[in-house]
Amino acid sequence: MDRYLVFGHPVRHSKSPFIHTLFARQTQQELEYGLAEPAVDEFAQALRTFFDQGGKGCNVTVPFKEQAFTLVDCLSPRAKRAGAVNTIKLTDDGVLLGDNTDGAGLVADLKSHGVTLADSRILLLGAGGAARGALAPLLAELPSELVIANRTHTKAQQLAAEFHDLGPVIAQTYEQLAGPFDLVINSTSASLQGELPPLAPALIHTDIAIYDMMYGASDTAFISWAKQHGARQTMDGLGMLVEQAAEAFTVWRGIRPGTKQVLRELKRNLGVI
């Protein structure tokens with residue numbers, strides 16, 4: 001039976017085995033999917049051992065995505081742009097292909113919620129790996145403008161300069177931000193600590209769409225804050241998790257699973273519904 005893994009540290013909380021088991025059942029694919037939590041300095045060896053022992057593919061999560069980028073034999077265009085790898089496939093030729101499905105998962109989830117990206121003005125909070133992975137897929141949807149805001153302004157400037165050839169992307173400080181925005185995406189991990197990015201409440205209006213890449217059994221701190229200030233459409237990153245997994249499954253197996261029922265089952269598993 002074909003073997004797949006998710007590498008991370010920590011990774012025991014991961015819902016990837018749950019998701020991919022449901023995908024396999026739905027598409028009648030014979031595979032098994034497990035967890036691997038090597039020490040931070042042992043990832044390279046663990047990855048080699050997994051594929052030497054017959055592994056077919058894996059997902060890679062924090063803190064190994066940037067390291068995986070350097071360990072594969074070739075990179076997809078979107079992995080090159082993201083500077084990180086979250087999906088690895090062993091090809092029929094014995095080549096380790098590195099891909100990044102995070103941004104595609106984000107865009108797919110936004111569209112599933114009916115969010116219009118073309119000609120929209122998007123505010124992206126954060127300039128780390130999650131923001132980097134999202135930029136190319138978001139710009140491919142032809143927004144009117146994409147603004148990056150980050151606590152360290154120079155990081156936002158560097159990111160905007162790097163992706164400027166793909167579309168109208170600029171960097172601003174939080175103090176410079178002026179609405180209206182159609183969509184705000186929080187790519188920071190602040191919600192995991194119950195913290196908020198320093199966003200002015202005046203930027204929130206009733207027609208804005210709010211997306212937090214983090215998720216939990218209840219609203220994240222950022223979503224709760226946005227609702228308090230009038231946002232009517234709010235989304236967390238659970239759908240993105242499922243959509244990026246579906247993209248990875250497609251890379252591995254050549255068949256795209258449906259995501260709606262799997263997302264419902266995942267919410268039930270987490271106690272969200």
Side-chain angles (χ1 to χ4, degrees), residues 75-87 99-150 153 155-174 176-188 197 199 203-214 222-223 226 231-248 250-251 256 259-260 263:
L75 295 161
S76 71
R78 57 190 178 184
K80 287 180 183 177
R81 272 291 184 179
V85 161
N86 80 330
T87 300
D99 201 354
N100 191 303
T101 66
D102 285 332
L106 169 65
V107 168
D109 192 36
L110 286 165
K111 289 182 175 180
S112 77
H113 283 94
V115 176
T116 299
L117 298 173
D119 296 320
S120 65
R121 191 161 183 253
I122 301 172
L123 173 58
L124 179 61
L125 307 179
R132 175 181 290 275
L135 273 168
L138 285 171
L139 289 168
E141 296 298 318
L142 305 179
S144 62
E145 184 175 54
L146 195 154
V147 179
I148 305 171
N150 188 59
H153 183 52
K155 285 188 68 176
Q157 289 176 309
Q158 290 166 1
L159 205 53
E162 190 173 331
F163 285 82
H164 195 262
D165 62 308
L166 297 185
V169 55
I170 64 170
Q172 291 185 340
T173 66
Y174 279 97
Q176 289 173 326
L177 296 175
F181 290 100
D182 301 296
L183 169 65
V184 178
I185 300 170
N186 180 25
S187 77
T188 75
L199 194 65
L203 292 172
I204 306 300
H205 55 87
T206 55
D207 294 326
I208 202 168
I210 298 292
Y211 196 100
D212 194 339
M213 289 189 188
M214 302 299 109
F222 183 64
I223 285 177
R232 291 186 298 199
Q233 184 177 21
T234 59
M235 300 149 280
D236 69 13
L238 199 60
M240 176 181 172
L241 176 68
V242 175
E243 294 290 352
Q244 66 81 24
E247 187 77 10
T250 306
V251 170
R256 178 169 290 279
T259 55
K260 290 183 179 179
L263 180 56

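Everything numeric here is computed off the predicted structure, so don't read it as measured data.
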Q172 and L177: which non-hydrogen atoms are nearest, and at how many Å? OE1-CD2, 3.3 Å
Nearest heavy-atom approach of R132 to G83 is CD-N, 4.1 Å
Work out which heavy atom in V169 is nearest to a heavy atom in A160; give both atom names and the distance. CG1-O, 3.6 Å
Would you give the length of the straight line joining atom OH of Y211 to atom CG of L123, rounded to the nearest 0.5 angstrom? 15.5 Å
Taking side-chain contact (heavy atoms from CB on, under 4.5 Å) as the criterion, tell me which of L125, T234, I122, L203 meets it with V184. L125
Distance col, row L110:CG vs T116:OG1, nearest 0.5 angstrom, shows 10.5 Å
Between G126 and A131 the two heavy atoms that sit nearest each other are O-CB, 3.4 Å
Is any side-chain heavy atom of L106 closer than 4.5 Å to a side-chain heavy atom of L138? yes
Heavy-atom pair with the smallest gap, counting every atom of P137 and A104: CG-N, 3.9 Å
Find out whether I148 and I170 are in side-chain contact, i.e. whether some heavy atom of one side chain is under 4.5 Å from a heavy atom of the other. no
Nearest 0.5 angstrom please: D207 CG to F181 CZ, how far? 15.5 Å
Q233 side chain near I210 side chain, heavy-atom distance below 4.5 Å: no
Without swapping roles, check the side chain of D109 against the backbone of M240 for a donor-acceptor pair under 3.5 Å. yes
For L135 and L166, what are the C-alpha separation, side-chain angles and deciding distance, and is it a side-chain contact (heavy atoms from CB on, under 4.5 Å)? CA-CA 9 Å; L135 273 168; L166 297 185; over 6 Å; no
What distance do S112 atom OG and K260 atom NZ have between them, rounded to the nearest 0.5 Å? 8.0 Å
Whether the side chain of T259 engages the backbone of V242 through a donor-acceptor N/O pair (distance < 3.5 Å, no angle test) should be reported. no
With a 4.5 Å heavy-atom cut-off, do M235 and V115 have their side chains touching? yes
Any luck finding a side-chain donor-acceptor pair between Y174 and N150 under 3.5 Å? no
So do the side chains of L117 and P143 get within less than 4.5 Å of each other, counting heavy atoms only? no
One pair to check against side-chain contact (heavy atoms from CB on, under 4.5 Å): Q158 and H153. What are the steps and the verdict? CA-CA 9 Å; Q158 290 166 1; H153 183 52; over 6 Å; no
Between F222 and T188, is any pair of side-chain heavy atoms under 4.5 Å apart? no
Check whether any side-chain N or O of D182 sits under 3.5 Å from a backbone N or O of R121 as a donor-acceptor pair, and report yes or no. yes
Quick one: CZ on R232 to CD1 on I204, what's the gap to the nearest 0.5 Å? 13.5 Å
Polar side-chain atom of N100 near backbone of R78 as donor-acceptor pair, under 3.5 Å: no
Is any side-chain heavy atom of N186 less than 4.5 Å from a side-chain heavy atom of L199? no
From CA spacing to verdict: side-chain contact (heavy atoms from CB on, under 4.5 Å), L241, L263: CA-CA 9 Å; L241 176 68; L263 180 56; over 6 Å; no
Going through the checks in order, is the side-chain hydrogen bond (donor to acceptor under 3.5 Å, both in side chains) test met by T101 and Q244? CA-CA 5 Å; T101 66; Q244 66 81 24; 3.1 Å; yes
Hey, which of D102, D165, D99 is the one that makes salt bridge (charged side-chain N to carboxylate O under 4.0 Å, His left out) with R81? D165
Between A248 and T87, the two heavy atoms sitting closest are CB-OG1, 3.5 Å
Check this for me: does any side-chain nitrogen of one of K111 and E243 sit under 4.0 Å from a carboxylate oxygen of the other? no
Test log, rule side-chain contact (heavy atoms from CB on, under 4.5 Å), inputs L124 and V147: CA-CA 6 Å; L124 179 61; V147 179; over 6 Å; no
With side chains defined as the heavy atoms from C-beta onward, is the minimum distance between M214 and D236 less than 4.5 Å? no
